[in-house]
Amino acid sequence: MNHQFEICLALGVVVPLISFAILVFFGANPPFGKPRAAYLAFAAIATSCVLSSYVLINWYGLSVAERTELTENAFRYHWADFGNISIDVGVKLDSLTVIMYFMVTFIASCIHAFSIGYMSGHSDEVGGKCKYHRFFAYFGLFSFSMLGLVISSSLLFLFIFWELVGLCSYLLIGFYFHEKYASDAGMKAFITNRVGDFGFIVGLALVVLYTGTFDLDAAAASFAEQYHTGTGIFAESISLFGWHVSGMTLATLMGIGLFCGAMGKSAQFPLHVWLPDAMAGPTPVSALIHAATMVAAGVYLVARVFRLLTPDAQMFIAVIGCITLTITALIAIVQTDIKKILAYSTLSQLGYMVFGMGVGAWTAALFHLMTHAFFKAMLFLGSGQVIEGCHHEKNIMKMGGLSRKMPWTGRTFLVGVLAIAGFGIPWLHIGDIKFGLGGFFSKDEILAVAYERAFNMGGDGHGESHESGGTHGENEDHAAPVHGDGHAMANVAEGVQLASADTNASALLAAQSAMASSESGDAHHAEHGRADKMKIAGTLPSLPKWMFWLPIFIAYVTPFYMMRCYWLTFRGTPRDHHVHDHAHEIPWMWVPLVILAVGTLVCSYMLFRPMIADAGGVATHAAGIVAIDGEAHSWEDTSGQVMLTVTHGSGMDNPHNALALIVGFSWLIGMGLAWLIYRNGPALAGRIKDSVPGLALVHHALEQKLYFDHVYNYALVGGTKAFGKLMGAADGVLDFVVDAVAYLFRGIGVFAGRQLDMGVEKRDIGLVDNIANFLAWITYMTGTGLRRPQNGRIRTYVLLTAGAAGIALLFVLFWPHSSDAAEVLSATAQP
Amino acid sequence: MIEDAAFYIFAGVSLFSAIAVVLSKNIVRAAVGLLGTLGGVACLYFLADANLLGVIQLIVYAGGTLILIVFGIMLTSQSPWVGFLPTKVQAIAASIVAVILTIGIVRLVTLVPWAQRNPDELSQSLTVKSIGDALLTTYLVPFEVASVLLLVVMIGAAYLARTEK
Amino acid sequence: MLATIGLQHYLILSALIFSLGVLCMATKRNAIGILIGVELVLNSANINLVGFSKYQTGKGDGQIFAVFVILLAAAEAALAIAIFMNFYNNVRTIDVDRGDELRG
Amino acid sequence: MASITLPWVERNPKTLTSQRRTALTLLYSLAFLHVLLVIASWAWLTPLSSAAKDLTDGRIPLVLILCVGSVIGMLTFVTAALVVTFYRLVGRILAAPWVAFIIFIGAIVGIILLAWLHAEAFAFVKNMAHPAYTDVNPAPKIFGTSIEYEQSVRSIYEQNLEPYAFKIPFVGNVTVLAAYILWPLQFAIVRDLVAVGGIIGFISIVPGFGIWWERKIAGRMQSRMGPMRAGGWHGWAQSAADGIKLIFKEDYVPPSGDGLLFRLAPYFALVPAICAFIALPFAAAWVFRDLDVALIFILAMLGIEVMGVILAGWASNNKWSVYGAMREACQMVSYEIPMGMALLIPVMTAGSLNLGAIAEAQGGGFWTWFIFKNVWCFAAFFIYYCAALASCKRAPFDLPESESELVAGFLTEYSGFRWSLFFFGEYAAMFVISGLATILFLGGWMSPFPSEWADKLIDPNTNHFVATIIRGVVAENPLWFIAKATFMFFLQLWIRWTLPRIRIDQVLYACVQVLLPMMMVVLLGNTLWILAVDHWSWMQTTDMIINWILAALGVAVVIGMLAIASYGFRHNKALVGSMAADQLPGK
């Protein structure tokens with residue numbers, strides 16, 4: 001087997017590691033030193049990028065069948081056995097890997113190039129630590145771990161790289177570790193991620209426990225088998241202290257556990273608090289790690305383990321995504337720090353992706369991941385340019401009118417804003433080329449799926465396809481030509497193992513053939529009617545309505561706050577002349593921006609679209625154009641019915657016309673509103689806030705980030721402290737009672753003794769006094785005796801423990817029935 | 001026969017040293033007693049065909065840990081021969097507990113008819129190779145975990161023992 | 001009674017050393033003395049492991065576990081000594097009875 | 001040179017003469033008694049000894065004691081009587097100026113004889129050992145291997161071994177006598193005791209010789225003569241004289257110290273060093289116990305040795321002693337790590353933990369020695385040697401006893417016999433680390449020539465003795481091991497008098513920040529190198545080329561050293577600061 005792709009990908013992973021190793025040990029001194037260290041790092045990642053381009057081009061030069069074959073025979077090396085579990089080192093080679101890999105290397109290359117300029121202003125020496133080379137060394141390590149994460153075929157290695165990525169994030173957030181806020185932010189990110197990783201480990205442990213393998217494909221196959229036989233993890237119900245969670249199996253918990261990891265890394269709702277603080281790192285770090293690649297790793301993870309998610313787990317994911325995208329977008333409206341705005345918008349977009357994963361829009365979510373990576377990296381680099389140009393001024397209230405000073409930055413930023421706002425015109429197209437930018441397609445596709453799930457579930461077409469399952473053999477013959485497609489998909493996201501395990505396979509295949517025959521679809525224009533055939537509706541729980549309307553609402557909010565950010569920064573009149581006068585565009589730093597802008601445009605125009613669709617396995621290349629949103633997810637409910645999620649035709653029918661009507665012009669409305677309000681600076685907004693009753697309150701709440709940090713601080717930190725205090729107090733009370741009893745009786749005794757002594761002849765003292773004293777002594781000794789065992793001395797505790805154990809042992813052994821104990825023991829004593 | 005005698009000799013050395021550990025008032029002497037116990041037990045390991053374990057006991061325990069302990073004693077002692085003695089009550093209580101424990105465990109051990117291997121097989125000793133193989137196959141996870149633990153301990157100990165700034 | 005050496009001999013020796021270790025832990029006021037007692041106890045456990053390994057399983061597992069015990073004991077001693085250093089730096093003595101600030 | 005004077009002879013000739021006369025009478029009468037015993041027993045036992053075919057025959061010990069024992073006793077007494085009679089002559093002989101020449105010639109002859117004896121005995125033991133050599137669990141052992149001793153001796157007895165079958169007139173069959181003499185060795189405990197005796201004897205020789213040698217080297221390096229008086233030739237008896245002096249010195253125990261530990265400490269320093277010899281092979285099967293963990297065992301023993309030093313320092317209750325002890329503790333604990341890691345390199349290269357296997361993997365000529373194997377092994381050798389120097393507290397790492405700062409470190413309060421025990425331990429440990437270096441890196445007991453040459457040189461018709469000697473010289477011999485180890489020992493002395501002592505912080509820096517990282521790189525490098533050589537054929541070529549380059553380097557260094565030495569030897573009068581002897585009056 002020719003493993004040229006695997007070798008290229010693995011080489012691309014190793015090269016940044018080598019650059020890291022060189023830089024971290026020798027980077028500070030000649031021959032590397034200040035500029036050359038960066039060149040080395042850039043050369044390394046550029047090498048990876050070239051390799052990945054080679055793989056990308058050649059991969060898509062192959063036919064689907066060839067790709068399938070390559071995926072199945074991808075490189076695996078048997079590394080070790082842990083008991084019964086064998087660990088393979090291998091490369092997961094499929095379309096998703098190839099595209100994701102290319103995306104990471106491409107964006108990382110641009111950001112490396114940008115960083116050369118960005119970091120050149122940084123002094124070499126801060127506190128005796130040379131920082132310049134350290135930055136690029138960490139970048140190398142990050143690239144290594146991120147790429148390793150992407151190509152890992154085994155969950156174990158995925159987890160290892162996952163943690164390495166987290167480590168890099170920590171190191172880079174805390175890059176200015178001499179500043180307290182930066183090191184605090186790094187710590188916060190790290191700890192928050194640990195919370196998520198705890199869930200990840202639980203999920204991982206469940207996977208290994210019940211499937212006995214770390215390998216993604218093998219685990220999915222085993223999982224499908226367990227599902228069909230209703231054994232293993234599906235036979236385990238969740239119970240907590242005897243309380244059973246009805247209707248949920250352990251499989252759901254496993255899915256949620258795995259998703260917890262993604263929650264940490266992709267900063268989803270309860271754990272989202274670290275990402276805005278992570279902006280303490282240098283801006284290229286924010287661009288690379290906290291916008292484009294690392295935070296997307298969570299979504300990538302969900303995509304990878306999609307086959308292990310039950311409908312309940314998916315619903316959980318969708319809810320979390322929905323909450324995240326809503327609250328963070330709202331918070332973004334009121335932020336004044338340019339990087340914070342972008343951070344919250346990132347959170348919101350990540351929420352969209354996770355939401356998409358949750359509702360089953362597998363392809364759309366990944367498509368959104370790709371487009372978002374490009375424009376968000378570009379936006380961050382633009383903000384970095386602004387910050388650097390304005391001498392580390394981050395407050396957009398002090399900016400304005402910068403587009404004259406830094407024209408390229410302004411232009412590319414605008415492209416980014418348009419892309420994230422979902423700029424595009426529904427229904428307008430020239431031939432197959434539609435008019436719109438990245439977010440327009442990707443976000444709307446997620447919404448389209450949500451729409452299907454919210455309104456159109458119910459299964460017309462379900463019966464038909466299920467019946468077709470009856471004529472199994474016939475259908476299989478018929479479906480044979482497209483089987484390859486299905487297979488490619490199976491290896492990436494969904495289980496053919498699962499589908500082909502029973503007659504439902506034919507249903508799936510029917511769906512695929514239907515899709516395969518569908519040509520030229522697009523998000524908002526297509527022939528009607530086809531979609532009906534594609535709808536292999538199932539009985540997935542339909543989505544609550546609010547989970548459709550909230551993202552729609554946020555689709556209006558997003559353009560608003562992005563426009564606000566753009567206008568206050570680049571347009572209008574300068575509000576702080578000091579900042580404005582000194583602002584300048586650093587030469588050549590805009591080149592990566594332009595490259596990324598071009599990338600945004602290109603990927604908006606569907607370059608990645610077919611590729612991801614292919615990763616989903618439901619695209620065809622016969623016509624050269626692909627437009628079907630084929631979520632590659634099939635699931636089956638407990639009754640064994642097909643629960644293939646909606647595989648709708650992306651707005652080819654009426655509902656999607658409606659959707660286009662609902663959100664198609666959200667960018668225009670949102671941005672227009674923002675323009676109206678912020679046209680002349682923030683003053684009008686302030687007035688509106690003051691004049692509308694209640695708005696100030698909301699504003700304040702949003703400014704305080706909806707009090708998440710406060711709540712965490714109060715509940716977790718304070719709670720722990722309070723618990724400690726409570727324990728201390730309880731201890732004090734006990735001690736007090738014991739002491740008080742002792743002293744009370746002693747006092748009584750002494751007092752009594754004295755009273756009796758008074759005026760009594762000496763000979764009485766012996767008797768009376770002694771009695772009294774004896775009483776007092778007894779009580780005193782009782783008190784101190786009670787006190788003594790808890791004297792905090794380790795030796796006493798040792799003594800008590802050992803003594804108790806010994807006495808227990810004697811009791812067991814010398815009791816009349818000790819022979820029974822001996823029998824039991826001798827039974828266990830056999831080898 | 002000689003092996004039996006050797007067992008009693010080594011066991012006696014270990015026990016005698018252990019008693020010396022308990023009875024000595026001077027902590028350095030206790031450490032020397034521990035050295036005796038470790039050496040005696042290592043010899044027992046050799047006797048029980050556990051050569052590698054015996055050597056590890058000597059190199060890690062006697063050669064490393066014990067020296068660390070003596071080092072710790074030297075760094076933390078204020079005047080040379082001050083021993084902190086327990087009160088008589090404590091000593092008596094501890095002795096009683098120890099006697100109880102001893103009686104209990106010895107009784108337990110003698111009560112159980114321990115299954116033993118065929119005496120012919122007893123002389124088959126394990127080579128270092130087989131233990132090494134087992135460590136890298138069956139016990140790979142504990143092995144790796146142990147290495148991680150050692151790393152953590154190394155960092156932790158260095159952090160704890162560093163001089164305060 | 002004690003004709004040929006068997007498993008019981010190892011176990012009894014182990015029991016004796018264990019008790020002595022506990023006694024050492026309970027009577028030494030010097031923190032390092034307590035550590036020495038712990039080492040004795042761990043050694044007694046190792047004797048058991050080796051005894052069982054030789055007389056029952058015949059495989060290397062007992063020895064391997066004993067290796068891990070030794071390793072952990074070394075790690076524990078290193079940490080303990082580091083803690084005692086800190087203790088000494090704070091309290092200026094190594095007498096554990098003096099470290100009773102948290103006493104109830 | 002002044003002749004040796006024995007003061008107690010000169011002081012009071014009269015009494016001494018009478019004493020001598022008494023002694024002579026006693027000795028001669030004893031010798032005469034033994035002569036009678038010999039004659040009587042020989043007459044009685046000759047028929048009996050030829051009858052005793054069975055080695056378990058109870059009469060054999062009788063023969064041994066009566067016949068062999070009385071001959072030995074007679075010779076001893078006669079020799080003693082002759083010495084007493086001609087004591088002046090003996091003294092003169094010892095002190096004569098030409099004694100150096102005789103000793104020199106004698107040493108050469110002696111070494112050759114010794115080589116022959118060793119080779120003979122070595123071959124003998126190894127042949128016997130052969131069938132059991134690979135046995136997993138051998139029975140009672142001599143020199144570490146299972147030997148069917150009775151059978152071997154019986155085979156000698158039954159004259160199955162042709163070369164041993166020759167007779168001496170009036171004495172009888174030599175092999176029978178040999179069998180009688182070797183009779184006690186059939187008992188395992190006797191063999192062990194003999195081996196232990198041999199080890200202890202060797203350990204007593206090492207410091208005796210080493211201290212004298214060290215002082216001579218020190219003298220030469222400082223352009224003086226070193227000890228010249230005790231004994232005759234170049235003060236050869238200096239160590240013995242020192243030993244006698246030390247035994248008679250006051251045994252001082254500091255009253256404020258911990259007396260018990262003070263008395264105990266020297267043994268903690270000495271006994272582990274002796275124990276290390278248990279597992280140190282002098283040649284294949286020439287080891288007391290052939291442990292599979294010998295390497296780690298020796299390392300462990302070297303580690304425990306520190307305990308003695310620490311206790312000595314602590315028990316002395318002396319500031320300088322405690323400083324010395326603490327230095328030793330941290331130095332030893334640190335240097336054990338790079339040392340142990342360096343020892344892994346040859347283990348990895350040979351693929352075996354067995355010292356014998358490691359040494360025999362280097363039998364193809366000096367270029368197959370592991371020091372020349374590849375760059376990593378080359379580096380590992382030097383790292384090992386540095387770390388070993390430090391763990392042996394030899395200069396330049398002799399911080400624990402640095403006399404210029406700490407009086408004498410942990411030795412400050414010691415005197416007399418206890419003091420000398422520390423030196424016994426130290427010199428024994430020095431030999432152990434030299435031996436370990438020899439086995440692991442310098443081919444052990446293999447000669448610098450490929451061992452196949454021996455087979456080519458010996459054709460089947462070669463005389464047995466000649467063949468044995470050839471094999472001993474060309475292939476393998478314990479003497480090769482001793483020679484190499486002695487050279488490494490010499491290097492330590494050389495380094496001590498060449499390099500200045502470094503500071504304690506430099507010592508620790510050198511370990512933790514230099515040797516340890518270097519060693520880690522070497523370890524990784526060697527691993528990858530071995531892997532690469534296994535997998536790629538072009539790496540094998542590279543490996544070979546590097547091997548040859550390193551071997552050539554080694555040869556060049558040795559030749560260079562010899563050239564410099566010979567230059568110095570020839571021109572020593574022209575060199576700056578020539579020998580003090582040349583400046584003596586009368587020259």
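Owing to the predicted nature of the structure, the values given are computational and were not obtained by experimental measurement. Numbers restart at 1 for each chain; the letters A, B, ... are given by sequence-line order, proteins then strands.
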Student: Among B/Val153, B/Leu135, B/Ile56, which residue forms the greatest number of heavy-atom pairs with chain C at distances under 4.5 Å?
Tutor: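 Ranked by contacts with chain C, first place is B/Val153.
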Student: Please classify the contact between B/Ala93 and chain C as side chain, backbone, both or neither, with a heavy-atom cut-off of under 4.5 Å.
Tutor: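 Neither part.
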Student: Considering only heavy atoms, which portion of B/Leu34 lies under 4.5 Å from any heavy atom of chain C: side chain, backbone, both, or neither?
Tutor: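 For B/Leu34, the contact with chain C is made by the side chain alone.
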Student: Let me know if B/Val60 has heavy atoms under 4.5 Å from chain C in its side chain, its backbone, both or neither.
Tutor: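 Side chain only.
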Student: Taking side chain as everything from C-beta outward and backbone as N, CA, C, O, which of these in B/Leu44 sits under 4.5 Å from a heavy atom of chain C? Side chain, backbone, both or neither.
Tutor: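 Both parts, heavy atoms under 4.5 Å.
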Student: Check each of B/Leu101, B/Leu15, B/Ile19 against C/Leu16 using the side-chain contact (heavy atoms from CB on, under 4.5 Å) test, and report the only one that passes.
Tutor: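 Option passing the side-chain contact (heavy atoms from CB on, under 4.5 Å) with C/Leu16: B/Leu15.
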Student: Is the distance between the ring centroids of B/Phe143 and C/Phe68 under 6.0 Å?
Tutor: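 Here the rings of C/Phe68 and B/Phe143 have centres that are no less than 6.0 Å from each other.
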Student: Side chain, backbone, both or neither: which part of B/Thr138 has a non-hydrogen atom closer than 4.5 Å to chain C?
Tutor: neither
Student: Within the 3.5 Å criterion, strictly below it, is a donor on B/Tyr45 or C/Gln63 matched to an acceptor on the partner's side chain?
Tutor: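 No - no donor-acceptor pair under 3.5 Å links their side chains.
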Student: Non-hydrogen atoms of chain C under 4.5 Å away: do they reach the side chain of B/Thr102, the backbone, both or neither?
Tutor: both
Student: Please check: side-chain N/O of C/Asn43 versus main-chain N/O of B/Val41, any donor-acceptor pairing under 3.5 Å?
Tutor: no
Student: Give the member of C/Leu72, C/Ile47, C/Ile83 that has the highest number of heavy-atom pairs under 4.5 Å with chain B.
Tutor: C/Ile47
Student: Do B/Thr37 and C/Leu20 have side chains that approach each other closer than 4.5 Å (heavy atoms only, starting at C-beta)?
Tutor: no
